[in-house]
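Report on one structure; see the data block that follows.
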Amino acid sequence: MITPSQTVGPFFKFALPYDKGPHVGEGGTVRLSGTVYDGAGEPVPDALIEVNHPGGYGRCETDESGNFHFVTARPDAGHLSVIVNARGLLRHLVTRVYFPGARDELLESLGERAATLVAAGDGDDLRWDIRLQGDRETVFFRV
Amino acid sequence: MDELDELGVHPPLDWPDYRSTRLRHPKRPLVQPRLGAADLASPYLGHERVGELDHDLTRQHAGEPLGERIIVTGRVTDADGRPVRNQLVEVWQANAAGRYVQKEDQHPAPLDPNFTGVGRCLTDDDGAYRFITIKPGAYPWRNHENAWRPAHIHFSVFGTAFVQRLVTQMYFPGDPLFEHDPIFNSIRDPKARDLLVSRFDLDTTVPEWALGYRFDIVLGRTPMEDS
């Protein structure tokens, strides 16, 4: 039997963030920023977002306004794998953020909900929000 | 073991007894993805960040922290029993009085100038990790009337694939608060809950110095890329 998950809790910011956390690998020029929202549309100030791809890993906590950011290169596959931990999440959520113009089978299979996984903007300044609940709830994966 | 059954040990995301889940759990069904390279790549966490004393939470300040010195050790393996080698294990916790250093923690218990409550180490070739710390205290929270968390140490662990990520909490044997804690009891299977309770271990205990507790961690199967 595998070890069960428990929430990251409200008090992890003194422990898990680190200075270079938001830098995903070396030499990235794209700034990917966003906000985490709960089901009432309120920002989530105690979430930890982690992103990964073969070119690097990044970690950023949300600030008091629910904002996070990463500095990254454009991933070869067109997307980053994303893990969300927060107070109130008994297990992390897994999702993806696709860069503008990226397509793949998974994205196409999601119909109109695919838009929740695609960053907006162009060039080096991208924006992608995470909605835990609500009309535009982000697509999360069972992994 | 079927991979989907394997996930059944985790708590449900919607757990009304833990109030903060109400507005934060997704309501749409989770989508079964085909895993890709970004999900499977081993996260590089900057192993150079792990300092010589990061595993010893009792030696990070000028003096020794107050409280009961303990050793916490165990192995990290995947569901097939393979050791997870050279991966980062991070821990964080309240001090002996049940107070976190984070400023948002307003529990009226003393801070300890000699205790931060943050540890890191890398697993060895056998998947083993080892921390020296002090036993954390229980503390109140506002989830419900007279709510107290059982003493616990938070763990953050990575496997060889990103999606093997695990964030969890380690508890201590025989805690009288277990039956009252909605977070602990969000794990529905009592056998699975028991996996989060460390075992007192006389072999780990160092005479005249510190009690030893064992806590082994089993991550999900090491996944293969879907072809």
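Letters A, B, ... are given to chains in the order of the sequence lines, protein chains preceding strands, and every chain is numbered from 1.
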Any carboxylate oxygen within less than 4.0 angstrom of a Lys/Arg side-chain nitrogen, looking at [X] and [Y]?
X	Y	answer
A:Asp104	B:Arg34	no
B:Arg22	A:Asp38	no
A:Lys13	B:Glu104	no
B:Arg24	A:Glu137	no

Report the distance from atom [atom1] of [X] to atom [atom2] of [Y], rounding to the nearest 0.5 Å.
X	Y	atom1	atom2	answer
B:Leu13	A:Leu93	CG	CG	5.5 Å
B:Ile187	A:Ser5	CD1	OG	8.0 Å
B:His10	A:Leu90	NE2	CG	11.5 Å
A:His79	B:Asp39	NE2	CG	5.5 Å
A:Tyr57	B:Phe158	OH	CZ	3.5 Å
B:Thr21	A:Leu132	OG1	CG	11.5 Å

Step-by-step side chain to side chain contact (heavy atoms under 4.5 Å, CB included) determination, B:Leu7 to A:Arg91
CA-CA 10 Å; B:Leu7 295 178; A:Arg91 188 178 180 233; 3.8 Å; yes

Kindly assign one of parallel, tilted or perpendicular to the pair A:Phe14 and B:Tyr100, based on the angle between their ring planes and the thresholds 30° and 60°.
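A:Phe14 vs B:Tyr100 ring planes: perpendicular.
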
Checking heavy atoms, do the side chain of [X], its backbone, both or neither come under 4.5 Å from chain B?
X	value
A:Asn52	both
A:Glu50	both
A:Ala77	neither
A:Ile83	both
A:Phe12	both

Side chain, backbone, both or neither: which part of [X] has a heavy atom under 4.5 Å from chain A?
X	value
B:His25	both
B:Arg120	side chain
B:Leu219	backbone
B:Gln169	both
B:Tyr18	side chain
B:Asp216	backbone
B:Gln93	backbone

Can you name the nearest heavy-atom pair linking [X] to [Y], along with the distance?
X	Y	value
A:Pro54	B:Ala37	CG-CB, 3.8 Å
A:Pro10	B:Gln102	O-NE2, 3.5 Å
B:Leu195	A:Ile2	CD1-O, 3.5 Å
B:Ala38	A:Ser81	O-CB, 3.3 Å
A:Arg59	B:Ser156	NH2-OG, 4.3 Å
B:Thr168	A:Thr3	CG2-CG2, 4.4 Å

Under the side chain to side chain contact (heavy atoms under 4.5 Å, CB included) rule, what do A:Leu16 and B:Glu90 come out as? Steps first, then yes or no, please.
CA-CA 8 Å; A:Leu16 296 181; B:Glu90 294 164 284; 3.7 Å; yes

In residues 113-127 of chain A, which residues are in contact with chain B at a heavy-atom separation under 4.5 Å?
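Heavy-atom contacts from residues 113-127 of chain A to chain B are A:Arg113.
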
In the structure I gave you, are the side-chain heavy atoms of [X] and [Y] within less than 4.5 Å of one another anywhere?
X	Y	result
A:Val8	B:Trp92	yes
B:Ser186	A:Gln6	yes
A:Tyr18	B:Arg49	yes
A:Gln133	B:Leu23	yes

